[in-house]
Amino acid sequence: MNAVLHNDRLLRALLRQPVDVTPIWLMRQAGRYLPEYRAARARAGSFMALCQIPDWACEITLQPLARFPLDAAILFSDILTVPDAMGLGLSFSDGEGPRFARPLRSAADIARLAVPDPEVELRYVLDAVRLIRRELDGCVPLIGFSGSPWTLATYMVEGSSSKDYARIKALLYDQPSVLHCLLDTVARAVTVYLNGQIAAGAQAVMVFDTWGGILAPRAYREFSLAYLAQIVAGLTREAEQRRVPIILFTKGGGAWLEDLAATGCDAVGVDWTVDLGEARRRIGSRVALQGNLDPAVLYAAPERIRAQAAQVLADFGTGPGHIFNLGHGIQPGVDPDRVGALVAAVHELSRSRQPDRGT
């Protein structure tokens, strides 16, 4: 696990250190848009098998790196592994998304929840991390991740994806103390889970707050942000003689960038609804920024992709602290060649922008 890291651009950029080119990795860089992923899923028989069998998770994690000169690998898993380990019974149906067999329907259900031991109930994830690190052999760093407490709680209470979040919002406004009990338990579970990933070899970690943007400002700060800060405070910050950077991302969270930066994280993810230059002006030099190309750009012709990548780079400006990414995940219908065009464009266009090391 202590192999020399041959490409540390991502880790350097996350810590706002100089890099030769802007590093790029992509949310959902391993997924359904790749024919090799679809073939592997057909062989494995299910999405859950891909997640729960370390050899499969390793193979899927490495697939995009075989195609593209990306600057990081991200663990192939799912954000809902933690509530599944709490006994809620996760399954996936084609075309319907995730579903829990035993969603939380009462305060008593919530009170019974226990924090899973990552080396027991989530051992398959940590074994995958260890295997991926060995197979990467120092090529690029490995990112571990989890869903945020608020996002996990929405699925745990709703029981599946939702259009109106009626159950979780009713709980928020009707029984806030019960929801806080749930969020605290999940935050403690996420903290030990991410620390387990770090101990197993993850070199950076990211918390996905996918549904934070559905909250009103006061509710966001109380029911999402506070628990993100709790996780940041509890995470291992150094391993293998290196800083372990922490990335926080709230989809639809442009109104709260300053609050996210104040949690103590190392980087804030920005979705495509926020001007990256404005985000940098608001946050200043406190943290790095990750993002923020509209994922739909990947449906366009390569020359259009290049132009849009150039605009994102120009919006950020010169100096350290930018990790190029999409504003959310790659869509399943994207042509892999378009992803290759984006990666090449970012590396080529950013090379001339790096000598200026100002902020």
Side-chain angles (χ1 to χ4, degrees), residues 1-11 23-82 84-85 90 92 98 116-147 190 193-208 236 239-240 242 244-245 247 325 329-330 332 336 339-340 343:
M1 198 168 74
N2 292 307
V4 173
L5 187 56
H6 303 295
N7 175 354
D8 66 351
R9 288 173 185 147
L10 173 83
L11 301 182
I24 175 172
W25 72 275
L26 303 170
M27 288 183 270
R28 295 199 199 119
Q29 65 187 28
R32 288 176 290 171
Y33 76 102
L34 290 174
E36 54 266 41
Y37 170 89
R38 297 193 297 270
R41 178 166 177 173
R43 295 196 310 273
S46 71
F47 175 78
M48 292 296 287
L50 293 180
C51 293
Q52 294 179 337
I53 299 174
D55 285 345
W56 281 120
C58 179
E59 178 178 330
I60 300 301
T61 299
L62 299 180
Q63 282 178 348
L65 299 176
R67 276 186 178 260
F68 317 118
L70 293 155
D71 294 300
I74 183 166
L75 167 68
F76 181 79
S77 187
D78 192 80
I79 63 169
L80 298 178
T81 53
V82 169
D84 184 47
L90 177 64
F92 287 84
D117 182 340
E119 286 287 3
V120 179
E121 290 92 345
L122 291 161
R123 177 66 178 263
Y124 65 91
V125 177
L126 303 192
D127 283 346
V129 171
R130 287 184 273 260
L131 179 58
I132 294 162
R133 275 297 307 273
R134 186 171 74 239
E135 293 301 310
L136 282 171
D137 194 30
C139 173
V140 293
L142 175 63
I143 303 169
F145 73 92
S146 174
V190 168
Y193 179 49
L194 289 177
N195 280 337
Q197 291 184 36
I198 292 167
Q203 292 149 294
V205 293
M206 181 165 172
V207 182
F208 287 86
T236 300
E240 303 178 61
R242 280 183 177 268
V244 180
I247 310 163
N325 209 312
I330 298 177
V339 175
V343 175

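These values consider heavy atoms only, across backbone and side chains, with no hydrogens, waters or symmetry-generated copies. What you are looking at is a predicted structure, and each value in this text was computed from that prediction instead of being measured.
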### Task
Go through D84 and Q52 one step at a time and tell me if the side-chain contact (heavy atoms from CB on, under 4.5 Å) criterion holds.
CA-CA 11 Å; D84 184 47; Q52 294 179 337; 3.8 Å; yes

### Query
How long is the gap from CE on M206 to CG on L194, to the nearest 0.5 Å?
11.5 Å

### Task
For C58 and I132, work out which heavy atoms get closest and say how close.
CA-CG1, 3.6 Å

### Message
Could you report the tightest heavy-atom contact between A85 and E121, atom names first, then the distance?
### Response
CB-CB, 3.8 Å

### Message
Whether the side chain of E59 engages the backbone of W56 through a donor-acceptor N/O pair (distance < 3.5 Å, no angle test) should be reported.
### Response
no

### Task
Measure the CG-CG distance between D55 and D127 for me, rounded to the nearest 0.5 Å.
10.0 Å

### Query
Can you find a pair of side-chain heavy atoms, one from L5 and one from Q203, that are under 4.5 Å apart?
yes

### Message
Quick check: closest heavy atoms across I74 and L142, and the distance to 0.1 Å?
### Response
C-CD1, 4.1 Å

#### Entry: Side chains of Y124 and T81, donor plus acceptor under 3.5 Å
no

### Message
Which residue is it: I79, D78, I247? I am looking for the one with a side chain to side chain contact (heavy atoms under 4.5 Å, CB included) to F145.
### Response
I79

#### Entry: L11 versus R242, closest heavy-atom pair with distance
CD1-NH1, 3.8 Å

### Message
Just verifying a value: how many Å separate Y33 OH and L26 CG, rounded to the nearest 0.5 Å?
### Response
6.5 Å

### Message
Using every non-hydrogen atom in the two residues, find where L126 and A200 come nearest and quote the distance to one decimal.
### Response
O-CB, 3.8 Å

### Task
Could you check if a side-chain atom of M27 sits within less than 4.5 angstrom of a side-chain atom of F208, using non-hydrogen atoms only?
yes

### Message
Would you compute the distance between atom CD of Q197 and atom CG of L122 and round it to the nearest 0.5 angstrom?
### Response
9.0 Å

### Task
Might you work through the side-chain contact (heavy atoms from CB on, under 4.5 Å) test for W25 and V140, ending with a clear yes or no?
CA-CA 11 Å; W25 72 275; V140 293; over 6 Å; no

### Task
Rounded to the nearest 0.5 Å, what's the gap from CG on L131 to CD1 on I53? Could you check?
12.5 Å

### Message
Looking at R133 and E240, is there a salt bridge between them, counting it only when a charged N and a carboxylate O are closer than 4.0 Å?
### Response
yes

### Task
Go through V339 and Q29 one step at a time and tell me if the side-chain contact (heavy atoms from CB on, under 4.5 Å) criterion holds.
CA-CA 9 Å; V339 175; Q29 65 187 28; over 6 Å; no

### Nearest non-hydrogen partners of R38 and R32, listed with the distance
NH1-O, 2.6 Å

### Beyond-backbone contact of P35 with P336, side-chain heavy atoms, under 4.5 angstrom
yes

### Task
Could you tell me the separation between the CD1 atom of I330 and the CG atom of N325, rounded to the nearest 0.5 Å?
8.5 Å

Which side-chain N or O atoms in residues 61-71 pair as donor and acceptor under 3.5 Å with protein atoms at least two apart or in another chain?
from, atom 1, to, atom 2, distance (Å)
T61, OG1, A57, O, 2.7
T61, OG1, F76, N, 2.9
Q63, OE1, Y37, N, 3.3
Q63, NE2, E36, O, 3.1
R67, NE, E36, OE1, 3.3
R67, NE, E36, OE2, 2.7
R67, NH2, E36, OE1, 3.1
D71, OD1, N7, ND2, 2.8
D71, OD1, R9, NH1, 2.8
D71, OD2, I24, N, 2.9
D71, OD2, H347, NE2, 2.7

### side-chain contact (heavy atoms from CB on, under 4.5 Å) between I143 and L10, worked out
CA-CA 10 Å; I143 303 169; L10 173 83; 3.9 Å; yes

